2 protein chains.
Amino acid sequence: MERPRRADARRNEESLLEAAAAAFVASGVEAPVRDIAARAGVGTGTIYRHFPTRADLIIAVYRHQVDACAEAGPALLAGGATPHTALARWIDLFVDFLVTKHGLAAVLQSDNAGFEALHAYFLDRLLPVCAELLDAAAASGEIRSDVEAYALMRGVGNLCIGADSDPRYDARRLVGLLVAGLRQAD
Amino acid sequence: MERPRRADARRNEESLLEAAAAAFVASGVEAPVRDIAARAGVGTGTIYRHFPTRADLIIAVYRHQVDACAEAGPALLAGGATPHTALARWIDLFVDFLVTKHGLAAVLQSDNAGFEALHAYFLDRLLPVCAELLDAAAASGEIRSDVEAYALMRGVGNLCIGADSDPRYDARRLVGLLVAGLRQAD
DNA sequence: GAGGAAGCGGAACCTTGTTCCGTTAACGAT
DNA sequence: ATCGTTAACGGAACAAGGTTCCGCTTCCTC
């Protein structure tokens, strides 16, 4: 837990996380590294000492919330609802998370080199959870069983792109349609 | 139709369109302007004389195919199928178009400044068509009537992002689920 | 065949991510 | 308390991408 050895290093890492979170709220996840460094009162080099790449900084900022989402999956399954309901609720959580983070969904799916780490982190953490929920719903016969968790997660993520900043586009409703579309005869 | 007055200008515009199309096939829609200029054997300045921005070049390259897609809509409605089937088929056309153009879907939804023109062109041309199909299907009672054409098009476009370059992600199937999800009681 | 302007090329500029390296200052040992 | 080592810092510099600028070329017209 105590990764940085020197006191100033620990302090700077903390400032950076705070500054990045603030910048992401203010200007979206695509806030320039220089802006974040300026907010934190450090040089750009310091960012790269703590976070090898911008994607790693993003991961660090959202790690807690992603983990919380991952942990909510089993809890929903254990709760009384049917597996399909549990799946739908979990996806709602995921969508809420994505939609409230300016531009995160876009960056998640971006095939620009440099964001594989981000993509991979989300997948590592959330894919197993989604697969568990999906399998349970398929096993109960509520949904078709020919959709992979990966495709579903990615589709949901894609639908969340640009969900803010356009009142005409309601990602939540479309995700709802997609999940509803899962209920079909095999 | 004869916009450029000088012969060399007309020739260059033609070369640029060809070079851009080739570059888009080879490296995706995000091919650097410099590469396209080099392919066409012109300077970068020449690109910007003919196409004020990269987005305008993209529009010019795909204009014909977008128009074809737009014109297919009424034809499908006039054909014998039910409105929902016509809508589904038209969306298939749209998806095929997006999926075969490396990265076009991503750029279409990108909120990066500079691509509004592209977004607007697609919307101007295709939104009325989609709305017509959607209204017909809603009027026939086949689908719920609380989904706007804009949201649907955007959702479909979003689902197509990254559809190439990942065999695990089948955009067509997910779009199918989404369209299936439209068939619901109001 | 000249003159003028339309058009051209590509260097230069801006922004953004990332690297590099000379300098600073934290901290363990004395 | 001081010193020396070295982790850590800051920000200039680099790369890549879009866009702008402007001196030169070349086409068209008279």
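Letters A, B, ... mirror the listed sequences (proteins, then strands); counts begin at 1. Remember, predicted model here, so these are calculated numbers, not experimental data.
- Here the C1' atom of nucleotide C/dA6 and the CD atom of B/E13 are 14 Å apart, to the nearest Å.
- A close approach under 4.0 Å does not occur between any side-chain nitrogen or oxygen of A/Y48 and OP1 or OP2 of C/dT19.
- Contact of the A/S15 side chain with the A/V42 side chain is not registered, since no non-hydrogen atoms from C-beta on lie closer than 4.5 Å.
- When distances run from any side-chain atom of B/D8 to the nucleotides D/dG18, C/dT19, D/dC27, the shortest one goes to D/dC27.
- The distance from atom CD1 of A/I58 to atom CZ of A/F115, rounded to the nearest 0.5 Å, is 5.0 Å.
- Residues passing the side-chain hydrogen bond (donor to acceptor under 3.5 Å, both in side chains) test with A/D8 are A/R6, sequence neighbours excluded.
- The CG-P distance, from B/L57 to D/dT19, rounds to 10 Å in whole Å.
- For the pair A/Y169 (side chain) and A/L159 (backbone), a donor-acceptor distance under 3.5 Å is present.
- Atom CG in A/L16 sits roughly 14 Å away from atom P in D/dA8 (whole-Å rounding).
- Each end of the helix from C/dG1-D/dC30 to C/dT30-D/dA1 gets its own axis from five base pairs, and the two axes differ in direction by 10°, given to 10 degrees.
- Results of the side chain to side chain contact (heavy atoms under 4.5 Å, CB included) test with B/M153 over B/V129, B/N158, B/L127, B/I91 single out B/L127 as the only residue that passes.
- Atom CZ in B/R6 sits about 10 Å away from atom P in D/dT26, given to the nearest Å.
- Separating the CD1 atom of A/I58 from the P atom of C/dT16 is a distance of 14 Å, rounded to the nearest angstrom.
- For the OP1/OP2 pair of D/dC9 and a distance below 4.0 Å, the side-chain nitrogens and oxygens of A/N12 include at least one atom meeting the criterion.
- Taking 4.5 Å as the limit, every side-chain heavy atom of A/R154 sits out of range of all side-chain heavy atoms of B/R168.
- The CD1-C1' distance, from A/I47 to C/dT18, rounds to 11 Å in whole Å.
- For residues 23-41 of chain A, proximity to DNA chain D is found at A/R34, A/G41, defined as any non-hydrogen atom under 4.0 angstrom from a strand atom.
- We find that CZ of B/F115 is positioned 13 Å from C1' of D/dT19, with the value rounded to whole Å.
- Between A/I143 and A/L134, some side-chain heavy-atom pair lies under the 4.5 Å cut-off.
- Distances shown here put a side-chain N or O of B/H50 below 4.0 Å from the OP1 or OP2 atom of C/dC8.
- Here D/dG17 presents its P atom at 15 Å from CG of B/N112, a figure rounded to the nearest Å.
- For the pair A/T53 and B/T44, both in contact range of DNA chain C, the more 5′-proximal nearest nucleotide belongs to B/T44.
- Taking only distance into account, the side chain of B/R5 never meets the base of C/dA6 through a donor-acceptor pair shorter than 3.5 Å.
- Taken to the nearest 0.5 Å, the OG1 atom of A/T46 stands 11.5 Å off from the CD atom of A/E13.
- The NE2 atom of A/H102 sits 10.5 Å away from atom CD of A/E30, with the distance rounded to the nearest 0.5 Å.
- In terms of heavy-atom proximity, B/R5 sits nearest to B/R10 at O-NH2, 3.5 Å.
- Closest-nucleotide positions on DNA chain D for B/R54 and B/G45 were compared, and the one nearer the 5' end corresponds to B/R54.
- Contacts of A/R49 with the nucleic acid, taken as non-hydrogen atoms under 4.0 Å apart, include base atoms.
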